[in-house]
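Written out below as structure tokens is the structure these notes cover.
Here the structure is a predicted model, which is why all the values come from computation and not from measurement. Every chain is numbered from 1 and lettered A, B, ... according to where its sequence line falls, protein lines coming before strand lines.
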4 protein chains.
Amino acid sequence: MKITLMNERSFILGYTMHNKYELILRAAEKIIAAGGIQGLSMQLVATEAGVAAGTIYRYFKDKDQLILELRKDVLSQVASAILEDHQIGTIEQRFKRIWMKMYNYGKQPSPANLSYEQYANLPVINTQEIRQLEMQLFAPLQQLFEQGKAQGLIQPLHPRMLYALAMEPAMTMARTCRRGLIDYQPKDITFACDLCWRAILSPNTTTATI
Amino acid sequence: MKITLMNERSFILGYTMHNKYELILRAAEKIIAAGGIQGLSMQLVATEAGVAAGTIYRYFKDKDQLILELRKDVLSQVASAILEDHQIGTIEQRFKRIWMKMYNYGKQPSPANLSYEQYANLPVINTQEIRQLEMQLFAPLQQLFEQGKAQGLIQPLHPRMLYALAMEPAMTMARTCRRGLIDYQPKDITFACDLCWRAILSPNTTTATI
Amino acid sequence: MKITLMNERSFILGYTMHNKYELILRAAEKIIAAGGIQGLSMQLVATEAGVAAGTIYRYFKDKDQLILELRKDVLSQVASAILEDHQIGTIEQRFKRIWMKMYNYGKQPSPANLSYEQYANLPVINTQEIRQLEMQLFAPLQQLFEQGKAQGLIQPLHPRMLYALAMEPAMTMARTCRRGLIDYQPKDITFACDLCWRAILSPNTTTATI
Amino acid sequence: MKITLMNERSFILGYTMHNKYELILRAAEKIIAAGGIQGLSMQLVATEAGVAAGTIYRYFKDKDQLILELRKDVLSQVASAILEDHQIGTIEQRFKRIWMKMYNYGKQPSPANLSYEQYANLPVINTQEIRQLEMQLFAPLQQLFEQGKAQGLIQPLHPRMLYALAMEPAMTMARTCRRGLIDYQPKDITFACDLCWRAILSPNTTTATI
DNA sequence: CATGAATGAGGCTTCATTCAT
DNA sequence: GATGAATGAAGCCTCATTCAT
């Protein structure tokens with residue numbers, strides 16, 4: 001997913017530029033992961049990326065745009081990690097695969113994941129663009145819900161509500177685990193995943209799941 | 001509720017101090033709500049609070065401490081708003097009251113609520129103190145879960161897991177609503193609340209709720 | 001010496017004031033001794049003196065005046081310590097007593113002595129007043145030199161030159177010792193004192209000292 | 001002499017850097033000479049040096065380091081001025097040349113000399129590094145004393161004591177003169193220099209000097 | 001294209017001084 | 001007289017951004 005995005009960009013900007021662009025983004029991601037957005041200085045990014053401070057401005061208009069592009073980039077990473085193989089199997093299998101991938105991804109202290117969480121509640125800058133991308137990237141999940149609803153399998157609720165009820169818990173639990181507050185057992189996770197699935201299941205559905 | 005905390009503080013610090021202390025806290029809260037932590041400058045706080053810049057330092061050691069105290073204060077506000085009347089009624093009634101209050105509180109674009117969300121993923125500064133307070137403030141919710149488990153009503157899961165499964169959706173939905181992405185109908189909310197309740201219910205329980 | 005000065009002041013200002021005046025001066029002296037003039041803040045002085053910050057301004061016009069008064073006060077202390085019993089004995093005995101007292105006083109890390117050295121090379125503020133006082137306080141030493149010259153015992157040089165040649169070394173050695181760079185033996189000091197005395201002695205003088 | 005130091009630095013730091021580094025140091029020196037260390041503000045240094053405030057921080061970590069480097073720089077200047085041609089002639093000639101240079105240098109109201117005196121009694125910060133440099137820079141003087149002692153010409157005393165007895169008077173007299181308190185005649189100075197030399201001379205030495 | 005030195009506005013904090021109590 | 005809360009100017013320093021090389 002992200003690779004696709006990057007390739008698109010590299011076609012436009014040429015290989016060399018792509019290289020530095022990428023370096024800068026990765027450096028920023030790493031720094032934010034370590035010290036939050038507050039810890040992000042252009043000089044630090046430059047040093048970490050191994051380029052001169054001025055060079056950043058050849059790829060990004062200013063700091064705000066760097067952050068915006070990073071948000072978009074990281075969002076792509078998260079989406080592609082979570083939605084990998086999303087089209088294989090039954091609705092339930094697909095839901096649970098996404099749920100588990102979301103949990104497992106969110107559990108990791110990787111730069112991408114750590115920086116991702118920094119953007120969540122940023123003040124209202126450029127949000128429109130981000131939201132659009134988010135919609136686009138997570139369209140497969142929305143489609144899954146729609147299909148489930150069409151089959152009478154999933155409750156006829158707004159996709160965002162389904163997401164809040166069934167997916168957000170995976171993120172919350174992953175965060176709790178990553179922060180070392182709890183060490184969930186695999187069976188707990190499987191169980192929670194199942195509970196989430198059942199939570200949005202149509203009441204009249206007969207499920208084979210225990 | 002928050003008033004209780006404030007009164008305690010005012011007993012300790014004396015009335016005069018309480019006054020400015022409070023003013024500064026409210027100003028900071030407002031600024032963070034509007035522009036995020038990044039937008040918080042001591043000068044801005046001073047202006048908004050109607051005091052001189054230097055005055056802030058009579059009440060707070062430095063910017064970090066101001067933010068820490070604000071986090072604690074806002075956390076108290078949120079907790080007291082959500083846990084108001086939490087001990088009245090059956091387990092289910094109590095759970096649902098908390099859920100609804102959480103949703104309704106989170107939906108508001110009040111300074112306290114908006115600033116609250118800014119702290120969620122801050123880099124790990126002073127987190128220990130915050131966590132301790134959080135545990136303490138939300139103890140009633142945890143007790144509710146424990147009682148439910150003791151009665152065989154609620155699944156025997158870790159309280160944090162129960163929270164993630166049943167409460168976090170309220171917060172997520174509130175956020176979505178507050179941001180104007182969706183305008184949930186009261187019946188949707190009631191329904192979601194019930195789904196959350198059922199999600200953590202023991203499977204052998206016979207519920208009258210449909 | 002200082003006592004005289006203080007008494008004069010106390011007659012004018014009354015006993016109570018004298019008390020706080022003194023307290024503030026001693027506090028400032030202590031603080032400067034510990035951290036240099038740079039470390040002197042009015043708040044610190046107030047705290048150390050056990051008075052309110054505003055109180056200082058009832059006794060001193062501003063910080064500059066506090067420092068000026070302290071300089072004068074400390075100068076008095078030093079002079080009276082060094083010139084104690086200065087009129088007893090022969091010229092030589094009197095010279096050597098002063099020399100030894102100067103060395104011994106300068107060796108101590110007392111607040112008065114430590115703060116004294118902070119003023120030595122201050123930029124040219126209020127120097128006129130200080131110089132006048134200095135002249136006045138050290139008049140006995142100058143008289144000693146004059147008497148020595150009149151008796152043909154001491155070289156007919158300017159008193160300041162005699163001071164530089166014969167007295168300053170005592171101060172320098174004391175400082176070196178106080179800073180822990182050298183630990184002079186009593187006999188070294190006696191010897192140095194004698195060398196200083198001989199240095200300004202008239203060449204035609206027959207001295208019994210070897 | 002100082003130029004040597006500077007050239008060394010410029011070889012290391014490159015020409016451009018050397019230029020601004022030097023400018024800043026000279027500006028700071030000038031400001032301290034005029035108003036003491038208390039009068040040194042980074043803004044003032046920037047203005048005087050003709051650079052932006054932030055530029056200073058490319059060359060000096062912070063104000064403390066700027067002051068430390070300036071101390072070292074000025075110490076080097078003083079040492080090289082005083083010890084110029086120090087190895088030519090007999091022990092006595094060498095001693096007297098240093099003494100005279102010390103007096104003549106100390107007499108000047110040059111920025112370097114004026115700022116030099118400001119550092120003398122600073123609170124104990126970074127003193128170790130300064131002392132080491134001082135020892136190193138003034139090693140030739142110490143060697144002179146050692147040679148004089150080895151030849152039985154100079155009293156067998158600690159070099160610091162010899163310095164206090166014979167050299168410090170030069171500094172004190174220079175200061176007095178610079179401050180306009182006295183205008184010494186050349187013959188006075190020559191005489192004082194000779195007295196200082198004789199003061200540390202071994203008693204059994206037959207001197208041709210009057 | 002890339003560099004990195006330079007800029008200077010702006011942020012945090014201190015502190016001498018005032019003034020209502 | 002005494003207090004100490006309040007002030008706000010001024011100090012140190014950072015950092016996004018520019019531009020000559």
Practice item. For C:Ser41, report the nucleic acid contact type (base, sugar-phosphate, nothing); a contact means any heavy atom under 4.0 Å. Key: sugar-phosphate
Restricting both atoms to N or O, compile the protein contacts to nucleotides 18-21 of chain E shorter than 3.5 Å, with distance only.
none

Review point. Just how far, in rounded Å, is C1' of F:dG4 from OH of B:Tyr59?
Key: 10 Å
Practice item. Go through E:dT17, F:dA6, E:dA6 for me and flag the one nearest to the D:Thr55 side chain. Key: E:dA6
Check your understanding: How many Å lie between CD1 on D:Ile67 and C1' on F:dC12, as a whole number?
Key -> 12 Å
Review point. Do C:Leu114 and C:Glu29 have side-chain heavy atoms sitting under 4.5 Å apart?
Key: no
Study note, to complete from the structure: Applying the Watson-Crick and G-U criteria (both distances under 3.5 angstrom) with [ ] for crossing and | for other-strand pairs, one obtains for DNA chain F .||||||||||||||||||||
Review point. How long is the line joining CD of B:Gln38 and P of E:dG11, in whole Å?
Key: 13 Å
Review point. Mapping D:Lys63 and C:Gln43 onto DNA chain F by nearest heavy atom, which one lands closer to the 5' end?
Key: C:Gln43
Review point. With a 4.5 Å heavy-atom cut-off, do C:Phe60 and C:Val45 have their side chains touching?
Key: no
Check your understanding: Which residue pairs pass the side-chain hydrogen bond (donor to acceptor under 3.5 Å, both in side chains) test when at least one of the two sits in residues 110-119 of chain B, sequence neighbours left out?
Key -> B:Glu117-B:Arg175, B:Glu117-B:Arg178
Check your understanding: Of all residues at least two apart in sequence or in a different chain, which pass the side-chain contact (heavy atoms from CB on, under 4.5 Å) check with A:Ala49?
Key -> A:Leu23, A:Ile24, A:Ala27, A:Val51
Review point. Where is the tightest heavy-atom contact between D:Leu75 and D:Ile130, given as atom of each residue plus distance?
Key: CD2-O, 4.1 Å
Review point. In whole Å, what is the span from the CG atom of A:Asp62 to the P atom of F:dC15?
Key: 17 Å
**Study point:** side chain to side chain donor-acceptor pair (under 3.5 Å) against B:Gln65, all qualifying residues, sequence neighbours excluded
**Key:** B:Glu69
**Study point:** Of the listed nucleotides E:dT3, E:dG8, F:dC13, the one nearest the side chain of A:Lys20
**Key:** E:dT3
Exercise for review: Take C:Leu122 and C:Ile37 through the test side-chain contact (heavy atoms from CB on, under 4.5 Å) and record every step on the way to the result.
Suggested key: CA-CA 10 Å; C:Leu122 277 189; C:Ile37 286 195; 3.8 Å; yes
Study note, to complete from the structure: Looking only at heavy atoms, the pair that brings D:Leu44 and D:Gly39 closest together is CD2-O, 3.5 Å
**Study point:** A:Lys30: salt bridge (charged side-chain N to carboxylate O under 4.0 Å, His left out) partners, not counting sequence neighbours
**Key:** A:Glu48
Exercise for review: Return the nearest nucleotide to the side chain of A:Met42; candidates are F:dT7, F:dA2, F:dT17.
Suggested key: F:dT17
**Study point:** Length of the line joining C:Ile37:CD1 and E:dC15:C1', which is rounded to integer Å
**Key:** 16 Å
Check your understanding: Contact class for D:Leu40 vs. all strands (heavy atom < 4.0 Å): base, sugar-phosphate, or nothing?
Key -> sugar-phosphate
Review point. Of D:Ile56 and A:Gly50, whose nearest nucleotide on DNA chain E comes first from the 5' end?
Key: A:Gly50
